[in-house]
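Working notes for the structure below.
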2 protein chains.
Amino acid sequence: MHLTGNGHACQEQIRFFLVSGAADVSSHWNGYGKYDGIVSMNMRRTTIKDVAEAAGVGVATVSRVLSGGSASPATRERVLTVAAQLDYRPSALGRNLRQQRSGGIGLLLPDITDTFYGRLADGVLACARSAGEPVILGATGDDPEREAELIGMLLEQGVDRVIAIPSGDGETWAPTLRAGLTTVFAHRLAAGRDDVPAVLADDRAGVRTAVDYLTGLGHRRIAYLGGPGQEQRLSVFRQALGALVDEDLIVSARGSRDSAYAVAAGLLQRRPDLTAVLAGGNLLGEAAVLAARELDLRVPRDLSLIMFDDVPWAELCSPPLTVIAQPAQDIGYRAAELVLRAGPRRPRSVLLPTELMVRGSCAPRGISRSPR
Amino acid sequence: MHLTGNGHACQEQIRFFLVSGAADVSSHWNGYGKYDGIVSMNMRRTTIKDVAEAAGVGVATVSRVLSGGSASPATRERVLTVAAQLDYRPSALGRNLRQQRSGGIGLLLPDITDTFYGRLADGVLACARSAGEPVILGATGDDPEREAELIGMLLEQGVDRVIAIPSGDGETWAPTLRAGLTTVFAHRLAAGRDDVPAVLADDRAGVRTAVDYLTGLGHRRIAYLGGPGQEQRLSVFRQALGALVDEDLIVSARGSRDSAYAVAAGLLQRRPDLTAVLAGGNLLGEAAVLAARELDLRVPRDLSLIMFDDVPWAELCSPPLTVIAQPAQDIGYRAAELVLRAGPRRPRSVLLPTELMVRGSCAPRGISRSPR
DNA sequence: GAGATGCATGAAAACGTATCCACATCGGGT
DNA sequence: ACCCGATGTGGATACGTTTTCATGCATCTC
């Protein structure tokens with residue numbers, strides 16, 4: 001009761017100022033923050049109603065002005081001035097409930113610890129920030145179940161836009177689309193969901209370039225060390241390798257570092273005859289380097305190595321790693337653009353170029369590895 | 001109109017099933033999703049009211065049951081059953097508006113690309129997930145202005161819990177606390193805001209250990225390569241070094257990789273006489289390694305290097321980097337715990353241990369570096 | 001047996017916003 | 001002079017939930 005009365009008094013005060021001369025208002029009310037200690041604890045949030053009363057207009061008008069609707073220049077200016085003076089910030093809560101959507105954009109990725117996804121997330125954040133949209137982050141751990149859980153959470157939150165590096169298949173994503181979420185996939189697709197727009201690096205060209213480079217150096221027994229959801233790369237790998245393909249040299253790890261290392265070490269141990277490895281991600285590349293070192297294989301003399309994704313430490317490694325650079329940040333940014341600009345018709349998917357960065361981890365096939 | 005009528009019909013249907021035999025309901029309505037193609041586009045969200053009507057109780061009762069309030073076992077079971085059948089999910093939008101808070105937890109950090117912050121974020125996500133809370137991520141770029149902007153966004157969203165690696169000073173964070181947000185700082189403090197609980201790595205001990213280790217190896221001219229917000233580390237560094245301190249050897253970079261490299265290269269070039277560097281973060285360590293390589297300084301023969309924060313590539317580097325490991329993930333997790341369990345009284349801050357991991361980037365001071 | 005006590009329950013209010021609709025005002029055209 | 005359309009405006013409503021409050025019923029106590 002007391003509070004409401006107090007608030008009213010303030011608003012009258014402001015109206016007075018506005019009438020007598022708006023120019024002075026700011027100087028008087030700039031120090032609003034100084035009232036901190038006194039009123040902060042139990043101060044009600046400034047609502048659209050307060051602004052309306054202080055400006056002497058209806059709430060509808062305020063809402064229109066602030067949402068870009070039509071209004072006479074005079075009232076528009078008055079409303080804007082008063083809103084600024086009161087330091088009014090529209091409550092996303094009210095708006096969200098009214099329009100049945102929370103506005104934010106959900107971002108679901110396997111592992112925020114992986115610098116690739118980190119850079120991708122950074123791109124999303126950059127675009128979202130320029131659009132003033134909050135980003136809700138979730139880590140799926142490449143587990144469809146956790147992914148489904150997170151999707152449920154997003155739905156419950158009323159999020160209506162989501163960018164995902166999908167782990168699950170079409171089934172997992174059915175509820176999302178059914179609920180009318182605008183979805184954009186990044187970096188990879190979900191099996192059986194080619195109706196969802198996506199932003200992808202040109203894996204096809206990347207793999208082909210890498211394979212051509214390695215075969216050009218004389219390599220014949222080339223392994224692919226893959227991760228989750230790399231079916232497309234695998235098919236291109238097989239295709240590019242043609243007759244040289246050896247299914248025993250194509251292995252897949254789960255998302256974790258441990259799994260990657262285990263698989264890499266197993267591969268190198270099992271097949272001492274292979275001369276080159278294409279690692280399908282920086283975690284896998286890291287695992288390959290560690291495993292090679294553990295087995296006393298020297299890169300690139302004993303083993304040539306190409307890694308997907310250019311990370312800062314690729315240059316620090318010795319030898320510096322030859323990589324296929326992917327525009328992780330761009331992927332995120334473009335995905336955010338797509339999901340924000342989602343118009344009536346479904347936007348076209350985007351394919352971003354990859355680039356082979358030749359450093360020092362590949363060499364012509366020399367003397368065959370000495371058996372251990 | 002048509003829709004409402006349709007919805008009512010469905011509810012009647014369900015009530016009938018429930019009366020006649022609940023066991024059959026699931027089998028009949030399991031296939032609910034099959035109606036997708038027909039009704040999905042214009043199907044109203046299932047609300048608490050629907051559940052109430054279908055269960056033949058009031059909305060208040062449903063709310064109580066679902067929020068863990070008291071209710072008779074009979075009604076509780078009936079409500080739960082109906083809710084499950086209707087696949088009812090409470091709308092966070094409505095709840096948020098009602099209780100004037102959005103429930104989620106905001107996470108503000110300088111740069112999600114930095115693996116340290118990535119791991120920290122991962123810890124936060126882990127804890128938040130187990131609590132069922134969404135996380136809203138924002139990247140400040142170590143810029144107080146952007147930070148203030150993001151804080152404003154969080155306030156607008158009604159977020160009432162925030163974890164931050166603060167960039168700004170107490171002034172920046174005044175609005176946050178004024179608005180009644182429960183705030184927890186992680187990894188570092190904001191100047192003049194020691195009233196905010198924090199989760200920190202034991203920098204004090206870390207720096208001291210590192211300095212002792214280096215001086216123990218005979219080093220006398222030791223540089224500190226710092227980043228933003230490392231005032232405390234600097235003071236400890238000076239203190240630990242005692243009479244050996246040389247202000248010219250204490251330099252600070254901004255957050256970016258470029259800045260870090262520039263400062264590192266400048267330092268090494270300007271002072272060829274220094275024999276050891278303590279880098280205050282993995283970006284700075286990376287910069288130091290690159291700069292040293294560029295100047296043809298061999299590590300550790302010409303230059304000993306210790307880096308704050310243990311990252312996977314520290315082992316891949318040659319030589320492997322001696323580091324001060326920080327429990328980044330734990331920091332995030334604990335911070336999330338604190339901010340979630342925020343009771344009436346302010347929780348105590350937490351200090352987590354650091355650990356010196358000796359690898360190969362430090363050596364006893366040998367022959368002084370040859371001048372270039 | 002009457003009053004007191006406890007519990008389950010539902011109607012209603014509130015949260016802050018956007019939008020629908022009705023009304024008023026004004027200018028220009030017949 | 002009258003009407004009509006365009007435009008600006010404000011009251012009222014709805015969004016889905018939680019919480020308060022009053023009511024009814026059953027049980028307990030003296």
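To find a chain, count down the sequence lines: A is the first, B the second, and so on, and within it residues start at 1.
A sub-4.0 Å separation between OP1 or OP2 of D/dC15 and a side-chain N or O of A/Q99 is absent. Contact between the side-chain N/O atoms of B/S72 and the OP1/OP2 oxygens of C/dT9 is found at a separation under 4.0 Å. In terms of phosphate contacts, A/T75 brings a side-chain nitrogen or oxygen within less than 4.0 Å of OP1 or OP2 of D/dT9. Contact check, B/S70 against C/dC7: no side-chain N or O comes under 4.0 Å of OP1 or OP2. Between C/dG10 and B/T61, a contact under 4.0 Å exists linking OP1 or OP2 to a side-chain N or O.
Across A/V65 and A/A71, no two heavy atoms sit closer than the pair CG2-CB, 3.8 Å. In terms of heavy-atom proximity, A/L93 sits nearest to B/G158 at CD1-CA, 3.8 Å.
Across all strands shown, A/G58 has heavy atoms under 4.0 Å from sugar-phosphate atoms exclusively, and none from any base. Within 4.0 Å of A/S63, counting heavy atoms only, lies at least one base atom of the nucleic acid. Among the heavy atoms of the strands lying under 4.0 Å from A/L97 is at least one base atom, whether or not backbone atoms are also near. Contact annotation for B/A71: backbone-only contact, meaning every heavy-atom pair under 4.0 Å involves sugar-phosphate atoms and none involves a base.
Proximity of a side-chain donor or acceptor of A/R161 to a complementary backbone N or O of A/G103 within less than 3.5 Å is detected. Side-chain N or O atoms of B/R45 include one that pairs as donor or acceptor with a backbone N or O of B/R89 at under 3.5 Å. Of the possible polar contacts, none joining the A/S63 side chain to the A/V59 backbone as a donor-acceptor pair under 3.5 Å is found.
Residue B/K49 contributes atom NZ, which lies 12 Å from atom C1' of C/dA11 at whole-angstrom precision. D/dT17 atom P lies 11 Å from atom CG of B/N96, rounded to whole Å. Look at CD on B/E156: it is 12 Å from C1' on C/dT17, rounded to the nearest Å. What separates CZ of A/R64 from C1' of C/dT19 is a distance of 9 Å, to the nearest Å. Atom CD of B/Q100 is separated from atom C1' of D/dT19 by 13 Å (rounded to the nearest Å). Taking atom CD on A/E53 and atom C1' on D/dG10, their separation rounds to 13 Å, with Å as the unit. In this structure, the CZ atom of A/R98 is 11 Å from the P atom of D/dG16, given to the nearest Å. Rounded to a whole Å, the CZ atom of B/R76 is 14 Å from the C1' atom of C/dT9.
For B/T47, taking side-chain heavy atoms from C-beta onward, the closest of the listed nucleotides D/dG16, C/dT19, C/dC15 is D/dG16.
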